[in-house]
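The structure appears below as structure tokens.
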Amino acid sequence: MPFFGAHLSTVGGVQNAALSAGELGFSTVQLFTKNNNQWKGKPLTDEQIQQFQRFVQKGKLKFPTAHDSYLINLGSPVEQNRQRSIEAFIDEIHRADQLGLSYLVMHPGAHMDAGESQGLKQIVASFDQILQECGAFQVKILLETSAGQGTSLGYRFEHLAAILAGVKHPEKFGVCVDTCHIFAAGYDISSPEGYHKTFEEFDRLVGLDRICLFHINDSKKPLGSRVDRHEHLGEGTIGKQGFQLLLRDSRFSNLPMILETPKTNSEGKPMDPVNHARMKRWLKG
Ligand SMILES: [Zn+2]
Ligand SMILES: [Zn+2]
């Protein structure tokens with residue numbers, strides 16, 4: 001059975017994401033280890049770290065995961081911004097290791113009109129610099145598939161393959177597949193034919209064994225729109241059938257699947273429990 005979880009709030013401290021995950025009955029969790037719209041975060045305190053790890057144990061949470069800051073762009077053609085991103089990403093790695101996290105999910109980057117191949121080259125160079133400057137670390141870096149909004153890279157499986165083939169230490173990397181993003185990018189996982197074709201293609205280009213985690217989100221926008229808007233499971237353009245295919249796919253049955261769907265519906269009702277219940281139900285029938 002997959003490990004179900006959600007991206008949860010760290011208001012009041014990182015430990016609160018792990019606490020909430022346990023309270024919601026999840027078996028995994030994703031969090032920002034610092035404010036995702038700021039370059040620098042306060043260092044984590046020993047007390048926060050200990051409390052976080054206690055809640056992870058108490059909730060029996062597996063594969064706790066960080067998501068990197070939205071400001072980081074390892075593909076930036078502006079050298080100053082790229083160096084700032086490298087520095088911030090090294091800090092993300094250190095924070096993830098302090099908390100004992102399994103994975104650090106990251107957006108590969110945007111080429112900002114420098115062109116896709118140039119952007120991919122910059123990302124590879126940035127990772128090589130990061131691994132050289134960072135020292136030894138445990139957390140695995142997961143390249144997230146993107147929707148292809150603006151000039152963001154990672155919306156084609158070929159992009160992920162190019163990064164993994166380019167970096168000096170590919171063993172430090174895995175992939176996070178976001179269902180909303182790949183669908184918006186044009187991979188039709190809503191039907192059995194499309195679903196199987198998509199993962200065949202992924203396997204051929206990247207390798208299914210690279211997938212460490214899923215972001216399980218429905219999409220508000222149509223197939224191939226390249227617009228990233230998450231919807232509650234079964235209420236968007238992917239629909240129930242696509243998620244049933246994924247949830248019952250034995251190749252992915254031991255992986256974390258993390259919700260990044262809106263926290264409430266239009267009436268203000270908390271929706272993580274509703275989406276969680278759907279995952280558990282659709283897994284069975
Ligand atoms: Zn995602
Ligand atoms: Zn998204």
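Atoms considered below: every heavy atom in the structure, side chains included; atoms not considered: hydrogens, waters and symmetry mates. Order of listing sets the numbers, starting from 1, for every ligand and every atom in it.
A cation-pi contact, defined as under 6.0 Å to the ring centre and within 45° of the axis, is absent between R278 and F243.
With salt bridges taken as basic N to acidic carboxylate O contacts below 4.0 Å, none links E92 and R95. Salt bridge present: R156 and E158 bring a charged side-chain N and a carboxylate O closer than 4.0 Å.
The N, O or S atom of E144 lying closest to the Zn ion (ligand 1) is OE2.
If you look at F3 and F26, their ring centroids are not closer than 6.0 Å. The aromatic ring centroids of F199 and F252 lie less than 6.0 Å from each other.
Taking all atoms of both residues into account, the shortest heavy-atom contact from F173 to R210 is O-NH1, 2.9 Å.
Here the protein contributes H181 NE2, D228 OD1, D228 OD2, H230 NE2 as N, O or S atoms under 2.8 Å from the Zn ion (ligand 2).
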